[in-house]
There are 2 protein chains.
Amino acid sequence: MTQRGNSTINDVARLAKVSKKTVSRVINKSSLLSEKTRQHVEKVIEEIGYVPNPQARALALRRNFVIAVIHDNPNAQFLVSVQKGILEGIKGTEFGLMVQPVDRNSPTIEKEIKDFLERQRPYGVVLLPPISDNDALAELCASYGTRYVRMASVELDTPEHMVTSNDRAPVHEAVSYLIEVGHKKIALVEGPKGFISAAERRAGYEQAMADAGLEVEPWMIEPGSYTFESGVTAGLALLDGKTRPTAVFVSNDEMAIGVMIAARRRGIEIPRGLSIVGFDDTPLSSHVWPALTTVHWPIVDMARSAALKLISGPGEIPIEETSLSSSLIKRDSVVGPPEN
Amino acid sequence: MTQRGNSTINDVARLAKVSKKTVSRVINKSSLLSEKTRQHVEKVIEEIGYVPNPQARALALRRNFVIAVIHDNPNAQFLVSVQKGILEGIKGTEFGLMVQPVDRNSPTIEKEIKDFLERQRPYGVVLLPPISDNDALAELCASYGTRYVRMASVELDTPEHMVTSNDRAPVHEAVSYLIEVGHKKIALVEGPKGFISAAERRAGYEQAMADAGLEVEPWMIEPGSYTFESGVTAGLALLDGKTRPTAVFVSNDEMAIGVMIAARRRGIEIPRGLSIVGFDDTPLSSHVWPALTTVHWPIVDMARSAALKLISGPGEIPIEETSLSSSLIKRDSVVGPPEN
DNA sequence: TTGTACGCGTTATCAC
DNA sequence: GTGATAACGCGTACAA
């Protein structure tokens, strides 16, 4: 088969007996063109199967059509949701999506990102949590003239550079819900130290407890790292402690599943013996037994919004997505506390 | 902050009082250079913070440094594993990874891919199942001079264009294992019609049954679509049937989790009441209760191998990854059949 | 070992 | 409306 895309704008110009610029105008749908010329040129383009070379365009325009997501996040569902959202955002445009993982704990993280930026020069990047809270990385992007948007649970930057979810309020709602159905001994499994989202979710928990006049005792709080295993560990610690909680808010779904497993190991039935609320609303959460009550986190929407912010011109502010609020999804992992 | 990467090779040449070509040689580490000149030029590069423009390079070299994964696969864990493998394969190179989803059921799938190829002109693409079995799509890539590698369960193309896993043998092993521990009424939950992997896994099942002199009766086979929900449906159908299986091989983990849920709904304990074997060995499979016995599918290795095939020159054949065989991971979802 | 001149395929300028 | 001509920034023959 003859290889496509081997003809250039010059070939078209020659065959159509017009100038390169005219062909360029046809391609870019310039309005200053006689209908006759346009049709003629389009016919030639069609005939020889010409397609513009994106690399040459990128050079001439001094920009390419690539946006990248830079992350240090091992959670598969989260990553795919983000990619889905960004792809929705750039759908119908010329943009494509690149993915670049980095190592948060590496001392060379800045160099990793630098290298990536230099090698690919994406038009824009979206920074995912937890590395999105690193100001130095954002500045690094800026120093290359690369547009960036940061996804986080707190406003860390100017609005044009941020897509923010409010984690605190929905967690407050979730914990309040536990309190409403009668729980008093409500534990918290935290996210990793240093993660903004972890701090926000903890704040929501503490606030809800305080608002209800419930004291948060030290044994009620277990550390976690957003992984399944850490959820199991935290769950076991909670269940093996002197005092047992009757309910627990777990800072993400994956850990919540871990807590469920821990409960099973101790022969505790959920939700009778322990009510659980998670955070994220990953597909997983409805695939376990019992289905997990959790906070829906609008990752896809956030990612779409981020993409739109990146590709929209400086003037045209994208319509603010108003549905970026999280909400409590009530399923089967919560009931009132056991009588006693 | 002054913006990086705004200086060009000409600036360096002028300041260093050498020619562009000499600078180019320094960048590309040509050996034909006096050490003195090299150091001098490198100093200037350092001073003005010059970094080569990748778009210009791409134009001059007539190739960019992007490889893309094209897929129509909704499974998050699978996608992320593939991305991980590819990224491992291109680590240390100049390549970056793009992601392009397409709609398998859309009549315009060829156009979608065409548009993507024209817009981005990746150096190479890896085609994931199930669309990897579409010869027309592979030819499409070839017609643009884009290198491609197809991931599948069967050799569909020449070795340079294929990364293949053998699904049949490990499924045979898995079902044989069920037979060994005493099961006779072993059901199969199939993958979607038309998927090569589904057919291969079914073949492995049937062969194992035949080898053991066990007959596969019609009620033993339930359709599925690789989704959790279809697993629940298939599981219920199996359990509500006239005859109940004592074990079931489920063609992927997600459906296997669905079958587990179905069993719970019917009050059947796993593995006592029903032994289950899955396929994939996703992290999920060890996060459920009981932990799922399953077939480990070396997706990451396959993807890495695919990337290496793409970026290696026509001469240098990459070392064949020998560890691309799947293997049975025994966990807790299988015991012998109940006595009777 | 280094430099000159030109090509890569497109867009932008500015005159016609 | 249209067309020469010059960027855009880097790589490569070929010459020196």
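The sequence lines fix the lettering, A, B, ..., with proteins before strands; numbering per chain opens at 1. In what follows, every heavy atom counts, from backbone to side chain, and hydrogens, waters and symmetry copies are set aside.
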- So, is B/Thr22 near the phosphate of C/dT1, with a side-chain N or O under 4.0 Å from OP1 or OP2? no
- Message: How many whole angstroms separate atom CD of B/Glu118 from atom C1' of C/dT10?
- Response: 16 Å
- Message: With salt bridge (Lys or Arg N to Asp or Glu O under 4.0 Å) as the rule and sequence neighbours excluded, what pairs involving residues 74-83 of chain B come up?
- Response: none
- Task: Could you check A/Asn53 against B/Ser34 and say which one's nearest nucleotide on DNA chain C is further toward the 5' end?
- Result: B/Ser34
- Task: Taking the side chain as every heavy atom from C-beta outward, state whether B/Pro122 and B/Tyr144 have any atom pair closer than 4.5 Å.
- Result: no
- Query: Looking at residues at least two apart in the chain, or sitting in another chain, which of them share a side-chain contact (heavy atoms from CB on, under 4.5 Å) with A/Leu87?
  - Reply: A/Ile90, A/Leu97, B/Pro101
- Query: Looking for any heavy atom pair under 4.0 Å, which part of the strands does B/Val23 touch: base, sugar-phosphate only, or nothing?
  - Reply: nothing
- Taking it one step at a time, do A/Val300 and A/Glu88 satisfy side chain to side chain contact (heavy atoms under 4.5 Å, CB included)? CA-CA 9 Å; A/Val300 177; A/Glu88 284 177 15; 3.8 Å; yes
- Query: Which residues satisfy the ring pair (Phe, Tyr, Trp, His ring centres under 6.0 Å) test with B/Phe195, sequence neighbours excluded?
  - Reply: B/Tyr226
- Expressed in angstrom and rounded to an integer, what is the separation of A/Ile9 atom CD1 from C/dG7 atom P? 17 Å
- Query: Side-chain donor-acceptor pair under 3.5 Å between A/Gln120 and A/Gln100, yes or no?
  - Reply: no
- Task: In whole angstrom, give the distance that lies between atom NZ of B/Lys17 and atom P of C/dG3.
- Result: 12 Å
- B/Phe95: ring pair (Phe, Tyr, Trp, His ring centres under 6.0 Å) partners, not counting sequence neighbours: B/Phe65, B/Tyr123
- In the 5' to 3' direction, the nucleotides of DNA chain D bounding the stretch that comes under 4.0 Å of a heavy atom in chain A are D/dG1 to D/dG9
- Task: For B/Arg150 and B/His161, indicate whether the former's side chain and the latter's backbone hold a donor-acceptor pair under 3.5 Å.
- Result: no
- Item | Upstream residue (5' side of DNA chain D) when A/Ala56 and A/Leu33 are each assigned their closest nucleotide | A/Leu33
- Query: How would you label the contact of A/Pro54 with the nucleic acid (heavy atoms, under 4.0 Å): base, sugar-phosphate, or nothing?
  - Reply: nothing
- Task: Give a yes or no on whether a salt bridge exists between A/Glu94 and B/Arg119, defined as a side-chain N under 4.0 angstrom from a carboxylate O.
- Result: no
Polar atoms only, N or O, under 3.5 Å: list the protein pairs with nucleotides 12-15 of chain C and their distances.
| unit_1 | atom_1 | unit_2 | atom_2 | d |
| --- | --- | --- | --- | --- |
| C/dA12 | N7 | A/Lys21 | NZ | 3.3 |

